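Single-structure report; data block below.
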Amino acid sequence: MNHVELSFKLNGQDISIQILPNTLLVDLLRDRLGLTGTKTGCRQGECGVCTVLLDGDPVNSCLLPAVKVAGRSVTTIEGLATEDGRLDIIQERFISEGAVQCGFCTPGMIMNAKALLDREASPSETDIKKAISGVLCRCTGYRKIVQAVKSASEAKE
Amino acid sequence: MKEKTDKKKKVKILTKEKVDLQQLFKVPSMGLAVAGQSVARTDARQKVMGTLKFGADYAQEKFLHGKILRSPHPHALIKSINTEKAKSMPGVMAVLTAEDVPGRNGFGAIIPDQPVICSDKVRFVGDGVALVAAETEQIAQQALERIEVEYEILPAIFDPRDAIKEDAPKIHDKGNLLSYNKLRKGDVSKGFAEADTILKRTYQVPFLDHAYLEPDMCMAIPQPDGTMLVEGPMQAPFTTRRNVNAVLGVPINKVRVRQVPMGGGFGGKEDSPIDLGARAAVLAWHTGKPVRLALEREEVMLQTCKRHPMIMEIRIGAKKDGTLLAFEGVIYDEQGAYASLGPIIPPAGGSHIHAMIMMAGPYEIPNVKVDAYLCYTNNPYGGAMRGFGAPQVHIAHEQLIDELAEELGMNPIDIRRKNGLKQGSATATGQVLDQSVGLIDTLDACAKAFNWDEKYRQTGYIDKARSKRRGVGIGMGWYRTSIGINADGCGANVHVHEDGSVLLFSGITEMGQGSFTVLPQICAEELGVRLEDIRYVVPDTDIVPESGPTVGSRSTTLMGNAIILAARQVKESILAAASEMLDVPADRLVAKDRLIYDTENSVNSVTFKDAALKCMQTGRRLIGQGWWTPPKPSLDPETGQGNPYFVYTFSTHMAEVIVDVETGEVDITDFVAAFDIGRAINPRLIEGQIEGGVAMGLGYALMENVVVDQGYIQNKSLRNYLIPTSLDVPDTRSIILEVENKYGPYGAKGIGEMPNIPATPAVLNAIANACGGRVRSLPADPEGVFRAIREAGGPPDK
Amino acid sequence: MSYAFKDYQWSKDIAIKEYLLPRSLAEAFEILAKYNGKAQVIAGGTDVIPRLRHRDLEVEALVDITHLPDMSGIREEADKIVIGGLTTHRQIAASPLIREKAGILADGAGCLGSPQIRNIATVAGNLVSGHPAADTSTPLLALNASVTITSQEGERVIPLTEFFLDKGKTALDCRREILTQIRFAALKKNQGSSHLRLSKRRSLTVAVLIFAAVVEVDHTQNMIKAAQIALGPVAPIPLRATKTEAALRGAPINNETIERAAESVCRESNPIADPVWGSAEYKEEIIKVFTKRGLKKALKQAGTPVE
């Protein structure tokens with residue numbers, strides 16, 4: 001198999017890297033680029049813990065051949081906090097509302113929430129539940145996650 | 001406490017000669033400063049940033065990749081196995097069969113009856129037949145395909161009742177009945193004879209999977225000093241260690257096991273790390289290199305333990321005023337292929353005996369008889385899953401109580417209030433509950449918040465088309481704190497440093513429940529410092545004292561107590577030093593918020609760290625060790641009578657549902673859950689446990705089912721093993737009550753498992769109340785509810 | 001009963017050797033021709049990638065068509081709605097045009113998988129999967145849609161009723177052809193529609209039953225002029241209940257007609273039992289319930305509710 005050159009924007013930085021064509025985006029991020037914040041839970045697009053933003057839209061990176069993101073912009077959980085460690089408001093509220101338990105679904109949840117709040121200034125609780133309906137959580141029962149996203153949306157106004 | 005006076009300084013020194021448990025963990029009179037607060041989790045920041053490393057996030061370059069060749073048959077002899085082709089592949093570093101296991105070829109949390117690598121036969125689809133380690137995961141996978149195994153298929157068993165028949169093929173040499181246990185209280189035949197009403201029903205529950213979002217994995221790294229380090233997500237480092245050392249054939253002190261924070265555990269990661277740890281260790285042993293054994297989701301579904309399926313045949317007898325007189329139950333508890341966490345470690349360890357103990361429910365019943373059979377089958381095996389036998393029996397007794405209430409024309413809340421356990425009640429094991437019994441308090445609090453009386457009156461159709469009906473239901477429950485075995489001890493070490501920073505050593509693991517926050521809260525509270533002054537050291541068997549596993553809702557209580565004892569040992573030194581510095585007797589000093597001050601003159605104070613520095617400078621011990629064991633449990637093997645657990649948590653849940661009577665679809669429109677947990681060390685974390693546990697309980701009621709057909713799991717992925725999504729869970733309201741446990745830190749008792757237990761029958765009872773259809777064989781998915789309505793002859797008319 | 005090797009041993013890999021992104025249809029067909037059956041088309045990938053991982057599909061190369069021009073967009077052409085072959089489920093669900101003129105398609109597309117899946121999965125890909133429970137197949141069948149299949153040899157347009165051949169098999173050969181367009185007539189004033197879905201949970205799940213109907217009525221005579229009734233999964237392919245549709249032509253709008261239609265649709269269906277998703281008997285009952293509810297809802301929307 002020949003390597004191919006992949007160039008894309010990752011968390012605001014341009015990157016260029018040689019990859020094998022059968023590389024999936026989630027593995028490129030985790031194994032090659034050391035960005036292990038994006039998780040794998042099922043490798044079938046059924047659990048959402050691998051969610052990243054592709055041009056601002058949440059997608060399951062376990063289903064995305066990496067070559068697909070050529071020329072596009074990818075945002076992972078690592079791209080949310082600023083370089084000096086200031087957290088995104090969603091991250092802050094996840095902490096203060098108790099929306100984190102084991103933390104495995106947390107990046108996936110936050111990325112879906114981020115896409116929602118970037119689109120929608122005052123989402124209802126139903127909007128929020130729908131926005132995170134593609135990420136499974138076994139620990140929290142979702143309630144505090146919804147409250148955290150609501151709280152973040154209210155803070156942003 | 002005995003008092004001594006130092007002749008020189010006239011300072012009172014407290015010495016403990018006899019510990020009065022009742023006084024030991026009481027809340028200090030000035031109240032709690034750190035414990036009891038809803039502080040943010042200590043690991044939350046790393047988790048929201050994605051920087052906390054789970055096991056699979058560890059760098060992989062130095063590791064070989066391990067894979068397991070599995071049996072495709074539920075029961076078969078291994079006639080031959082040929083690994084030559086696999087071994088000769090470039091990049092393959094080891095292909096191991098049974099004779100390559102250096103020590104004991106068996107592992108298991110209670111009985112080591114599961115082969116590391118099967119030698120003569122396989123007992124379930126997924127049983128390990130060979131192990132491979134290779135340079136890449138792809139090569140390891142290809143090597144598996146080149147291993148040639150010849151099987152001779154044996155007749156297999158898939159029903160626990162078949163397993164104990166005379167002529168049943170033997171799955172294990174010693175027979176298929178792994179355990180028979182019985183409980184005899186009073187005289188049930190007399191009780192039934194006096195009953196005005198007797199009901200007999202059978203309830204059946206299937207295999208369930210934990211479905212934690214983090215798939216299992218384990219790493220084994222041979223150390224330069226010849227020891228083996230096993231590292232990964234796990235709930236029970238010490239149990240893992242005592243299996244790995246036996247499998248490697250080395251003394252316990254030559255194996256080191258270290259926990260990585262888990263992406264969920266729920267009991268499943270109590271024994272899967274033993275499986276993966278033993279196998280990775282054997283591969284690492286042979287290759288001399290670090291080995292990483294990681295499961296894909298489908299492999300997690302296939303080979304890791306499940307919640308035990310049960311068939312429960314129960315009979316209840318009552319007077320017409322609802323007084324319960326007799327309860328008789330037979331449990332066919334399906335263990336599956338291997339023992340895992342099913343069987344008993346006397347007096348009460350193992351999910352099977354726990355189910356037996358809990359079978360009659362949180363009710364005062366004078367005559368109880370239970371016969372419980374734990375049977376091997378050639379299905380996937382049962383282990384620990386949040387509740388450890390209790391969820392299943394609650395589904396049975398809570399539904400039966402409701403059916404009895406209906407028969408007697410009683411409101412379900414009244415029959416429970418009448419018979420529910422109170423202070424001074426005797427349980428089915430004859431245990432007299434002398435403290436911390438908040439069951440009826442939870443019933444009342446729940447009813448009030450839920451508005452039970454009004455909602456109970458509003459059952460019926462809600463639309464003109466008469467397709468949807470509303471109903472309400474109660475689930476009342478109890479759950480132990482601790483494992484109920486004699487070896488249920490917990491040790492903690494506390495090290496204070498001269499700058500006031502503290503190291504806390506405990507073997508309790510973090511799976512999301514918040515132990516890494518709550519236990520430091522208790523430590524900080526006891527020492528009188530701030531939460532951020534405590535660093536909780538990674539649970540590493542080389543470093544932390546024996547703690548027992550993180551299971552059985554025991555961590556906050558047992559480890560909390562051990563931490564208090566350890567902290568007190570250090571505090572003695574700190575207070576002694578402060579006493580000298582302030583010239584005040586130590587018993588007048590109080591430590592709070594990094595200060596030690598004189599209660600009679602609060603401006604007279606020194607900082608905690610100055611007192612610590614003084615200790616260091618004067619050679620006073622700044623290390624404390626605590627060891628705590630619960631009051632000794634007891635359970636007579638002939639009668640099932642005794643005190644298996646020293647305290648119970650109590651809970652009542654109420655659900656309101658709307659059932660589409662034409663399709664069987666269920667919508668949960670309101671849910672309230674009340675808990676007596678003794679003391680909330682971190683109320684917001686407790687709420688998180690409640691909301692998450694209720695969601696899990698709802699999944700059991702409505703959608704979860706590992707479908708096994710002739711030993712083959714039909715749904716091995718999250719695509720078709722369904723757990724609730726954000727759109728499936730109601731807005732659960734939680735109520736926390738504190739009925740102090742005198743044996744717990746500041747009165748606390750366990751929470752972890754309780755929330756998912758009464759939720760399931762609350763929903764099932766609500767469904768039955770709504771549409772007349774009672775689902776006795778779970779799940780109550782749309783088809784299940786539809787059939788139940790049909791069986792009942794259609795929905796009620798009103 | 002047994003598993004194939006691939007059913008109890010999994011890897012994380014997808015075994016392809018090339019992943020190509022042509023910039024024109026011509027280039028795409030050239031690549032496919034070169035691979036001569038050893039390469040296939042991929043759009044969103046939410047179907048193809050899991051199949052590759054499970055080794056249900058074996059190809060050497062994937063030809064990603066998401067950069068092809070002139071294949072996106074939803075537009076109105078006279079009385080027709082035209083959907084480009086790269087339109088995603090999310091675009092359909094969010095389109096005001098579709099919501100207004102073909103609401104059942106927006107409903108169906110909005111049920112697929114999860115938000116993340118809907119963001120990249122194309123409706124064309126959903127059709128091409130050939131799955132009888134595909135979420136857009138049923139509403140598009142009810143809308144009498146047709147699809148344009150393009151290949152190196154040119155274009156052909158076939159009605160969706162002739163597109164599905166067997167479970168997982170359609171008239172499109174994804175190793176040589178691309179579905180470039182979907183079109184159907186927008187709903188008229190005297191038409192009503194409905195879409196019903198039964199599933200075991202509310203997100204991330206395949207349907208146990210999907211029902212979609214479009215009815216055309218005559219208000220003055222209070223009768224049904226025409227009906228399209230589609231269901232899945234009740235047969236190897238998404239089904240049109242053509243016998244029932246024929247019987248409904250000219251039928252009076254009343255409960256008796258509805259009841260008879262429900263029995264008829266059930267007779268035309270042939271659901272099979274599935275160990276996970278449920279029994280055939282239950283599905284038959286729900287077919288009847290959904291037919292009644294669905295027809296009533298569509299008739300109400302058309303302005304001729306059943307009294």
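To find a chain, count down the sequence lines: A is the first, B the second, and so on, and within it residues start at 1. Here the structure is a predicted model, which means the values were calculated and not measured.
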At a 4.5 Å cut-off on heavy atoms, which part of C:Ile16 comes close to chain A: side chain, backbone, both, or neither? both
Quick check on A:Ala131 against chain C: is it the side chain, the backbone, both or neither that has a heavy atom closer than 4.5 Å? backbone
Pairing residues for C:Tyr282 by the ring-ring contact (aromatic ring centres under 6.0 Å, His included) criterion, not counting sequence neighbours: B:Phe786
Interface moiety of A:Cys50 toward chain C, non-hydrogen atoms closer than 4.5 Å: neither
Among the options C:Leu20, C:Ile120, C:Leu21, pick out the one with the most heavy-atom pairs lying under 4.5 Å from chain A. C:Leu21
Which one of C:Ala61, C:Gly44, C:Gly113, C:Ala15 has the most heavy-atom pairs closer than 4.5 Å to chain A? C:Gly44
Non-hydrogen atoms of chain C under 4.5 Å away: do they reach the side chain of A:Leu20, the backbone, both or neither? neither
Would you list the atom pairs in which one atom of chain C and one of chain A form a donor-acceptor pair under 3.5 Å?
unit_1: C:Lys12; atom_1: NZ; unit_2: A:Asp31; atom_2: OD2; d: 3.4
unit_1: C:Ile14; atom_1: O; unit_2: A:Asn22; atom_2: ND2; d: 3.0
unit_1: C:Ala43; atom_1: O; unit_2: A:Lys68; atom_2: NZ; d: 2.5
unit_1: C:Asp64; atom_1: OD2; unit_2: A:Lys68; atom_2: NZ; d: 3.0
unit_1: C:Arg90; atom_1: NH1; unit_2: A:Asp57; atom_2: OD1; d: 2.9
unit_1: C:Arg90; atom_1: NH1; unit_2: A:Asp57; atom_2: OD2; d: 3.1
unit_1: C:Gln116; atom_1: NE2; unit_2: A:Thr51; atom_2: OG1; d: 3.0
unit_1: C:Gln116; atom_1: NE2; unit_2: A:Asn60; atom_2: OD1; d: 3.2
unit_1: C:Gln116; atom_1: NE2; unit_2: A:Gly134; atom_2: O; d: 2.9
unit_1: C:Asn119; atom_1: ND2; unit_2: A:Pro58; atom_2: O; d: 2.7
unit_1: C:Ser203; atom_1: OG; unit_2: A:Ser133; atom_2: O; d: 2.7

Is it the backbone or the side chain of A:Leu64 that comes under 4.5 Å from a heavy atom of chain C, or both, or neither? side chain
More than 12 foreign heavy atoms under 6.0 Å from CD1 of A:Ile15: is that the case here? yes
Region of C:Leu204 in contact with chain A, defined by heavy-atom distances below 4.5 Å: both
Heavy atoms of C:Ile49 and A:Pro65 approach each other most closely as CD1-CG, 3.7 Å
